[in-house]
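What follows is one structure encoded as structure tokens, with my remarks underneath.
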Amino acid sequence: QVQLVESGGGLVQAGGSLRLSCAVSGRTFSYYAMGWCRQAPGKEREFVAAISWSGSNTYYADFVKGRFTISGDNAKNTVYLQMNSLKPEDTAVYYCAAGKNYYSDYDVTPRGLSDFGSWGQGTQVTVSS
């Protein structure tokens, strides 16, 4: 079983940047495709970004393309989400997630909530206008 712990959330002004981190333990980090999803108040959880187990492939939701970057560090067992040009509508709890086993067998990225099998507890990101 994999454990995921997010950090790096906080309050930032519109146009600012934050970097979220997700520490992965319990199983070999490089085995998993990883991703980030978010849930705003009163809204459903939505996919944000994902990276394949090799790190060769990434995929982003349209609303973050060009602003957010997902990356991984095998030596630190950590996946990151660099968020630039933040907007008030980016305010949400951000969750780190590990892809289901299928994504460990093939070098492709998860692309939706149902593609993830394990979740962290989330970190709050608030963007003020």
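What's counted below: heavy atoms across the whole structure, side chains too, no hydrogens, waters or symmetry copies.
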Evaluate Tyr103 against Thr109 for side-chain contact (heavy atoms from CB on, under 4.5 Å), listing each step before the verdict. CA-CA 7 Å; Tyr103 296 96; Thr109 61; 6.0 Å; no
Calculate, to the nearest 0.5 Å, the distance between atoms CZ and CZ belonging to Arg38 and Arg45 respectively.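 It comes to 13.0 Å.
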Within this structure, what is the OH-OG distance for the pair Tyr94 and Ser7, rounded to the nearest 0.5 Å?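 Result: 15.0 Å between the selected atoms.
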Just by modelled atom types, is the [Y] backbone N or O under 3.5 Å from a matching donor or acceptor in the [X] side chain?
X	Y	answer
Ser104	Tyr31	yes
Asp107	Asn57	no
Glu46	Glu44	no
Glu6	Thr123	no

Just wondering, do [Y] and [X] contact through their side chains at under 4.5 Å, heavy atoms?
X	Y	value
Ser52	Val108	no
Tyr80	Cys22	no
Leu113	Tyr95	no
Gln82	Ser71	no

Treat each ILVMFWY residue as a node, draw an edge where side-chain heavy atoms are under 4.5 Å apart, and state whether [X] and [Y] are in one component.
X	Y	value
Leu81	Phe63	yes
Phe68	Phe116	no
Val48	Val12	yes

Checking side-chain contact (heavy atoms from CB on, under 4.5 Å) for the pair Ile51/Tyr32: CA distance, chi angles, key distance, verdict? CA-CA 9 Å; Ile51 187 167; Tyr32 288 102; over 6 Å; no
In plain terms, say whether Asp90 and Lys87 are close enough for a salt bridge, that is, a side-chain N and a carboxylate O under 4.0 Å apart.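 So Asp90 does not pair with Lys87 through a salt bridge.
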Establish, from distance only, whether the side-chain atoms of Asp73 and Thr78 form a donor-acceptor pair under 3.5 Å.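 Thr78 and Asp73 do not have a side-chain donor-acceptor pair below 3.5 Å.
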All disulfide bond (SG atoms under 2.5 Å apart) counterparts of Cys37, not counting sequence neighbours: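 Scan of Cys37 (disulfide bond (SG atoms under 2.5 Å apart), adjacent residues dropped) gives none.
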Of all heavy-atom pairs between [X] and [Y], which one has the smallest distance, and what is that distance?
X	Y	value
Ala14	Pro88	CB-CD, 4.1 Å
Trp36	Ser21	CH2-O, 3.6 Å
Pro110	Ala33	CD-CB, 3.6 Å
Ala40	Thr91	CB-O, 3.6 Å

Using the side-chain contact (heavy atoms from CB on, under 4.5 Å) rule, take Met34 and Leu4 through it: C-alpha gap first, then chi angles, then the decisive distance, then the call. CA-CA 10 Å; Met34 299 296 298; Leu4 309 173; 3.8 Å; yes
Audit row: Met83, Leu20, side-chain contact (heavy atoms from CB on, under 4.5 Å) steps and yes/no: CA-CA 8 Å; Met83 306 186 295; Leu20 305 183; 3.7 Å; yes
Test of understanding: with ring pair (Phe, Tyr, Trp, His ring centres under 6.0 Å), list the residues that count as partners of Phe47, not counting sequence neighbours.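 Residues passing ring pair (Phe, Tyr, Trp, His ring centres under 6.0 Å) with Phe47: Tyr59.
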